[in-house]
S.K.: 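I'd like to ask you about the structure that follows.
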Amino acid sequence: MANTKELNVEEKLRALYDLQLIHTRIDEITNVRGELPLEVEDLEDEVAGLTARQEKLKKDLELIEDQIKAKKNAIEDHQTAIKKYAKQQDSVRNNREFNSLAKEIEFQELEIQLAEKQIKELKASMEHKKETITNSKEKLEAKQSHLKHKKAELSDIMSETEKEENFLLGKAAEFEVLIDERLLKAYKRIRGSVRNGLAVVSIERGASAGSFFTIPPQTQVEIAGRKKIITDEHSGRILVDSALADEEREKMQAVFDTI
């Protein structure tokens with residue numbers, strides 16, 4: 001929505017300071033949540049990763065079971081072949097045929113030994129997989145429980161603050177449309193570049209709030225005159241006089257008290 005009325009400098013300063021007060025209040029709400037939203041997000045990622053790993057381990061176990069079953073079937077086939085060759089030995093016509101069948105029987109017996117060895121190895125792998133699945137399941141359940149607790153904690157905080165935050169965001173939007181785009185961009189740029197998010201500060205004891213650098217008396221007079229936008233040469237913050245700040249703080253506190 002476009003501005004219907006061009007604000008004078010004092011009105012711009014008041015709108016900027018009001019916007020700053022609203023954003024500071026939103027920051028306080030965000031700080032109450034702290035790292036909790038990130039903790040929840042990280043836990044959700046961990047749970048998703050552990051769940052995917054659990055599924056993979058189960059599929060690996062199913063594959064091993066199928067391999068064991070295939071090896072057992074192969075052993076039965078080899079045993080059937082041995083019986084067949086042994087029976088054929090009873091009706092051979094010469095030693096060459098007998099020895100040839102004996103070699104076939106020996107080959108089938110070696111194949112059985114190899115299959116049995118592989119089954120033993122597969123069973124050992126299966127036991128290891130089962131142990132890993134159990135440990136992974138315990139870890140997953142612990143993470144799921146922790147996630148549930150953190151989500152409940154976050155939900156409690158959100159339910160307490162969501163109404164106020166939404167109200168404040170709506171108020172911030174109302175003030176943003178009052179401020180011309182260039183000045184609003186400057187405000188947001190300054191706010192994003194300072195640690196505490198304070199882009200607009202008042203003069204306190206001859207210095208900008210939170211700063212130890214004294215502002216020259218002539219500059220203080222200009223700030224109090226409210227005829228132009230003045231920034232702190234050290235921090236880059238937009239400066240307002242303490243009287244204006246007190247008036248706007250009282251006005252905005254009345255707004256906050258209605259929430």
Side-chain angles (χ1 to χ4, degrees), residues 16-65 125-177 179 184-201 209-211 235-238 248-249 251-259:
L16 278 171
Y17 196 69
D18 290 343
L19 183 60
Q20 178 66 75
L21 291 171
I22 292 168
H23 281 149
T24 298
R25 185 76 170 239
I26 293 171
D27 289 345
E28 288 169 0
I29 293 172
T30 304
N31 289 336
V32 168
R33 294 176 195 152
E35 298 294 317
L36 200 51
L38 289 176
E39 284 183 53
V40 168
E41 189 177 330
D42 288 343
L43 281 168
E44 286 175 335
D45 289 343
E46 285 188 66
V47 166
L50 286 168
T51 301
R53 183 167 186 262
Q54 189 81 345
E55 290 303 315
K56 183 181 183 304
L57 287 168
K58 286 179 181 178
K59 287 181 180 178
D60 289 346
L61 192 61
E62 290 173 2
L63 179 61
I64 292 172
E65 288 172 343
S125 178
M126 190 191 313
E127 289 306 311
H128 176 69
K129 290 283 182 187
K130 285 180 178 178
E131 185 179 344
T132 304
I133 287 171
T134 300
N135 293 337
S136 179
K137 184 182 178 183
E138 289 173 359
K139 189 174 181 181
L140 174 59
E141 288 173 350
K143 289 292 182 183
Q144 286 173 328
S145 176
H146 191 39
L147 174 60
K148 184 179 178 181
H149 170 74
K150 288 293 181 182
K151 275 187 170 181
E153 190 179 339
L154 180 59
S155 178
D156 288 342
I157 294 173
M158 290 294 290
S159 64
E160 292 172 5
T161 60
E162 189 173 19
K163 180 185 174 184
E164 182 178 2
E165 185 176 12
N166 288 338
F167 174 84
L168 292 169
L169 289 170
K171 278 293 175 186
E174 289 177 18
F175 280 99
E176 285 183 4
V177 298
I179 304 164
L184 184 60
K185 281 183 178 179
Y187 165 81
K188 290 182 176 180
R189 176 180 52 76
I190 298 166
R191 181 168 150 73
S193 66
V194 292
R195 183 178 54 82
N196 56 10
L198 294 177
V200 186
V201 294
S211 172
S235 65
R237 292 182 173 99
I238 298 166
E248 296 310 307
R249 275 196 291 266
K251 182 185 81 175
M252 293 309 297
Q253 187 58 53
V255 173
F256 297 155
D257 289 342
T258 63
I259 303 172

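Sequence positions, counted from 1, serve as the residue numbers for this chain.
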S.K.: Given side chains that start at C-beta, do those of K150 and E44 come closer than 4.5 Å, heavy atoms only?
M.R.: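 No; the side chains remain at least 4.5 Å from each other.
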S.K.: Is any side-chain heavy atom of L63 closer than 4.5 Å to a side-chain heavy atom of K59?
M.R.: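 A side-chain contact under 4.5 Å is absent here.
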S.K.: Kindly list each side-chain donor-acceptor pair under 3.5 angstrom involving residues 19-36, sequence neighbours excluded, with atom names and distances?
M.R.:
from, atom 1, to, atom 2, distance (Å)
Q20, OE1, A199, N, 2.5
Q20, OE1, V200, N, 3.1
Q20, NE2, T24, OG1, 3.2
Q20, NE2, G197, O, 3.2
H23, ND1, Y187, OH, 2.7
T24, OG1, Q20, O, 2.8
R25, NE, E164, OE2, 2.7
R25, NH2, E164, OE2, 3.0
D27, OD1, R191, NH2, 3.0
D27, OD2, R191, NH1, 2.9
D27, OD2, R191, NH2, 3.2
T30, OG1, I26, O, 3.0
N31, ND2, D27, O, 3.2
R33, NH1, E165, OE1, 3.2
R33, NH2, T161, OG1, 3.4
R33, NH2, E165, OE1, 2.2

S.K.: Do H149 and E153 make a side-chain contact, defined as non-hydrogen atoms from C-beta onward lying under 4.5 Å apart?
M.R.: yes
S.K.: CG of L169 to CD of E162: how many Å apart, nearest 0.5 Å?
M.R.: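 These two atoms lie 10.5 Å from each other.
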S.K.: What distance do D156 atom CG and K151 atom NZ have between them, rounded to the nearest 0.5 Å?
M.R.: 14.0 Å
S.K.: With the threshold set at 4.0 Å, does a side-chain nitrogen-carboxylate oxygen contact exist between E248 and K251?
M.R.: yes
S.K.: Atom CG in N135, atom CD in E131: separation rounded to 0.5 Å?
M.R.: 5.5 Å
S.K.: Does any part of the side chain of K163, heavy atoms only, come nearer than 4.5 Å to the side chain of F167, both counted from C-beta?
M.R.: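 F167 does not reach K163 side chain to side chain.
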S.K.: In a check of side-chain contact (heavy atoms from CB on, under 4.5 Å) between Q144 and each of E141, K148, H146, which one passes?
M.R.: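 Of the listed options, the one satisfying the test is E141.
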S.K.: Roughly how far apart are L57 CG and T134 OG1, rounded to 0.5 Å?
M.R.: 10.0 Å
S.K.: Can you tell me which residue among H128, K129, K130 is in a side-chain contact (heavy atoms from CB on, under 4.5 Å) with T132?
M.R.: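 When side-chain contact (heavy atoms from CB on, under 4.5 Å) is applied between T132 and each of H128, K129, K130, only H128 qualifies.
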S.K.: Would you compute the distance between atom CG of L16 and atom CD1 of I238 and round it to the nearest 0.5 angstrom?
M.R.: 5.0 Å
S.K.: In Å, rounded to the nearest 0.5 Å, how long is the span from NZ of K143 to NZ of K139?
M.R.: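 Reported value, rounded in 0.5 Å steps: 6.5 Å.
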